[in-house]
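Comments concern the structure below.
Values below: every heavy atom of this structure, side chains too, minus hydrogens, waters and symmetry copies. Everything quoted here is computed from the prediction, not taken from an experiment.
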Amino acid sequence: MTLLALGINHKTATVEVREQVAFTPVQLEKALTELRALSVVHEAAVLSTCNRTELYCVVDDAGEQPVLAWLSRFHDLRVEQLTRCAYHYHEGEAARHLMRVAVGLDSMVLGEPQILGQLKDAYQFARTHKGLGGELERLFQHTFAVAKQVRTETAIGENPVSVAYAAVSMASHIFDDFSRATALLIGAGETIELVARHLFDAGVGSLIVANRTRERAERVAGSINAQAISLDEIPDALAKADIVISSTAAPLPILGKGMVERALKKRRYRPVFMVDIAVPRDIEPQVGELSDVFLYTVDDLQEVIEENRRHRQVAAEQAETLIEQGVEHWQHERRIRSAGDLIRRYRGYGDELRAASEAQALAQLARGEDPEKVVSRLAKQLANKLMHGPTLKLREASGAQRQDLIKAAETLLLDPSAPSRDS
């Protein structure tokens with residue numbers, strides 16, 4: 001049997017294809033059941049996020065094509081269309097890929113931590129729905145241990161490389177105590193949601209979310225105990241705000257120099273930290289000329305992000321080394337388990353021979369035969385049966401000039417501490 005990792009991600013497929021291949025939460029149980037029902041599949045787990053859909057399976061040799069065909073059928077895609085953007089890894093390469101995914105080395109944002117949680121969810125789902133056997137169970141547990149080691153021993157997750165995190169990081173350099181600060185967030189898209197979450201986690205004192213559609217502002221504000229307002233209410237909120245971060249799709253600036261000047265006057269000219277993430281800009285550039293405003297644009301954040309990305313790249317190289325060690329350890333343990341299976345089978349074979357010989361000897365004793373002759377015959381027969389198979393194979397190996405097998409047999413079959421016949 002073979003370990004297989006098969007899937008698509010943001011590097012190999014467009015967002016349109018990724019959307020088609022993604023599994024919704026409702027589909028996951030059906031998908032896992034169907035995948036496990038394939039005759040070539042013995043174990044399976046499904047990882048599906050916005051950036052990747054991956055199947056981790058234990059399959060028969062050449063089981064890759066049936067799995068790919070099933071994936072195309074499930075999502076009503078042509079196999080050729082999926083083949084063009086799908087990748088596959090086997091055995092050690094599959095384990096290495098899983099570990100790189102878990103650590104965030106294969107993510108759009110290098111080292112991002114969310115993927116590990118998503119991978120743990122996929123593992124737990126597969127475990128709950130009987131998708132895992134011993135092989136994948138051990139691989140996932142080993143992968144989680146490697147990911148923990150990478151997070152502990154490297155700085156892979158310490159430097160922010162997202163716009164949202166960088167904005168909050170810059171704010172933290174200006175405000176010693178976030179708990180006394182009020183933040184005004186303008187917009188309700190994904191970036192503002194992330195900014196809101198980062199500020200909330202950092203312990204900001206008060207959060208206000210402003211958006212053209214109040215309902216969307218309320219959706220963002222609801223999970224973080226923030227106040228939701230409309231764009232018309234911004235002038236009043238601006239007077240309270242120590243931090244202003246804006247990211248909308250508005251074609252014209254939302255905050256002008258005059259509006260900010262009036263807010264500063266109400267604030268008694270207490271400083272304001274502003275970040276304009278929008279393109280085109282939400283905040284007029286002239287606002288940055290005001291002496292009590294610290295205005296940064298998305299370009300300023302990019303400098304922070306690039307510097308942090310360089311730091312993460314160094315950590316990523318360290319992570320690759322730890323992953324390589326993790327793969328080697330997993331393969332070593334797997335080889336030991338493989339030998340263990342062979343040992344159990346060989347011992348079982350020996351026990352069968354012993355039981356048969358024992359039964360025959362007891363029957364002979366029950367008929368009153370000479371015990372000494374019975375024991376002698378038992379020992380001779382048992383030795384012959386044990387040596388018969390290896391002897392035939394050694395003769396075949398010698399005829400085929402398989403010196404490697406002969407050398408291995410010498411190591412395995414002869415007791416090195418026993419004296420040779422020449423002694």
Evaluate side chain to side chain contact (heavy atoms under 4.5 Å, CB included) for Leu255 paired with Glu284, printing each intermediate quantity in order. CA-CA 6 Å; Leu255 300 186; Glu284 285 184 350; over 6 Å; no
Please check: side-chain N/O of Asn211 versus main-chain N/O of Arg216, any donor-acceptor pairing under 3.5 Å? no
How about Asn225: does its CG atom have over 12 heavy atoms from other parts shown lying under 6.0 Å from it? no
Using a 4.5 Å cut-off on heavy atoms from C-beta on, say whether the side chain of Ile245 contacts that of Ile186. no
Should the pair Asp351-Arg347 be classified as a salt bridge under the 4.0 Å nitrogen-to-oxygen rule? no
Name the one of Val220, Leu199, Ile208 that satisfies side chain to side chain contact (heavy atoms under 4.5 Å, CB included) with Leu185? Leu199
Between the side chains of His42 and Glu135, is a donor N or O closer than 3.5 angstrom to an acceptor N or O? no
Would you indicate whether the side-chain heavy atoms of Arg78 and Arg84 approach each other to under 4.5 Å? yes
Please walk me through it: do Glu369 and Arg377 pass salt bridge (charged side-chain N to carboxylate O under 4.0 Å, His left out)? CA-CA 11 Å; Glu369 295 188 26; Arg377 190 162 52 239; 2.7 Å; yes
How many angstroms lie between atom CG of Asp282 and atom CD1 of Ile277, to the nearest 0.5 angstrom? 9.5 Å
Do Thr321 and Glu324 have side-chain N/O donor and acceptor atoms under 3.5 Å apart? no
Nearest atoms (heavy-atom pairs only) where Ala361 meets Leu378: CB-CD2, 4.2 Å
Would the number of heavy atoms belonging to other residues, nucleotides or ligands and lying under 6.0 Å from CZ of Arg395 be above 12? no
Looking only at atom types and distance, does a side-chain atom of Asp201 sit under 3.5 Å from a main-chain N or O of His198, one as donor and one as acceptor? no
Hey, does the side chain of Glu54 reach the backbone of Gly7 with a donor-acceptor pair shorter than 3.5 angstrom? no
Spacing of Leu394 atom CG and Met387 atom CE [to the nearest 0.5 Å]: 12.0 Å
Say whether, by atom type as modelled, one donor and one acceptor occur between the side chain of Ser357 and the main chain of Arg354 under 3.5 angstrom. no
Value for CD1 (Ile243) from CE (Met274), rounded to nearest 0.5 Å, stands at 11.5 Å
Are any non-hydrogen side-chain atoms of Arg402 and Ile406 less than 4.5 angstrom apart? no
Surrounding NZ of Lys11 (heavy atoms of other residues, nucleotides or ligands, distance under 6.0 Å), is the total greater than 12? yes
Spell out, as yes or no, whether a donor-acceptor pair under 3.5 Å connects the side chain of Ser376 to the backbone of Lys373. no
Does the side chain of Glu233 come within less than 4.5 Å of Arg214's, by heavy atoms? yes
Should the heavy atoms of other residues, nucleotides or ligands under 6.0 Å from CD of Gln141 be counted, would the total exceed 12? yes
Are side-chain N/O atoms of Tyr123 and Glu137 paired as donor and acceptor at under 3.5 Å? yes
Distance-only polar pair, side chains of Ser107 and Glu112, donor-acceptor under 3.5 Å: yes
Would a 4.5 Å heavy-atom cut-off, applied to side chains only, mark Leu139 and Leu136 as touching? yes
What is the distance from atom CD of Glu91 to atom CZ of Arg334, rounded to the nearest 0.5 Å? 4.0 Å
Considering non-hydrogen atoms only, spot the tightest contact between Ala147 and Val103 and give its length. CA-CG2, 4.0 Å
Has Asp404 got a side-chain atom pairing as donor or acceptor with Lys407's backbone, closer than 3.5 angstrom? no
Could you tell me which non-hydrogen atom of Ile8 sits nearest to which non-hydrogen atom of Cys85, and how far apart they are? CG2-O, 3.4 Å
State plainly whether the residues Lys30 and Glu34 are in salt-bridge range, i.e. N to O under 4.0 Å. yes
Could you give the distance from CG (Leu28) to CG (Leu35), rounded to the nearest 0.5 Å? 11.0 Å
Would a distance-only check, ignoring hydrogens and angles, find a side-chain to backbone donor-acceptor pair under 3.5 Å from His142 to Gly326? yes
Verify the neighbour count for atom CZ of Arg281: are there more than 12 heavy atoms of other residues, nucleotides or ligands below 6.0 Å? no
Aromatic plane relationship, Trp70 with Phe23 - under 30° parallel, 30 to 60° tilted, over 60° perpendicular: parallel
Check Pro66 against Val40 and note the closest heavy-atom contact, atom names and distance. CB-CG2, 3.9 Å
To check you understand the geometry: which heavy-atom pair defines the closest contact between Val59 and Val67, and what is its length? CG1-CG2, 4.2 Å
May I ask you to test the Leu231-Thr248 pair for a side-chain heavy-atom distance under 4.5 Å? no
Verify side chain to side chain contact (heavy atoms under 4.5 Å, CB included) between Thr152 and Gln149, making sure each step is shown before the conclusion. CA-CA 5 Å; Thr152 302; Gln149 182 185 13; 5.7 Å; no
Is it true that atom CG of Asp76 has more than 12 heavy atoms of other residues, nucleotides or ligands lying nearer than 6.0 Å? no
Check against side chain to side chain contact (heavy atoms under 4.5 Å, CB included), Asp242 and Val272: CA-CA 5 Å; Asp242 305 296; Val272 181; over 6 Å; no
Looking at OH of Tyr56 and NE2 of His97, how far apart are the two atoms once the value is rounded to the nearest 0.5 Å? 4.0 Å
Short N-O contact, Glu215 and Arg219, less than 4.0 angstrom: no
Looking at every heavy atom in both Thr191 and Ser247, which two are closest together, and how far apart are they? CB-OG, 4.2 Å
In this structure, are over 12 heavy atoms from other groups packed under 6.0 Å from Asp176 atom CG? no
So with a 6.0 Å cut-off around CZ of Arg180, is the heavy-atom count from everything else above 12? no
Donor-acceptor pair, distance only, cut-off 3.5 Å: does the side chain of His75 make one with the backbone of Gln20? yes
Is there side-chain contact between His90 and Glu64, with heavy atoms separated by less than 4.5 Å? yes
Show the numbers, then the answer: is there a side chain to side chain contact (heavy atoms under 4.5 Å, CB included) between Ile115 and Arg52? CA-CA 10 Å; Ile115 186 64; Arg52 71 180 63 245; 4.2 Å; yes
So do the side chains of Arg96 and Trp330 get within less than 4.5 Å of each other, counting heavy atoms only? no
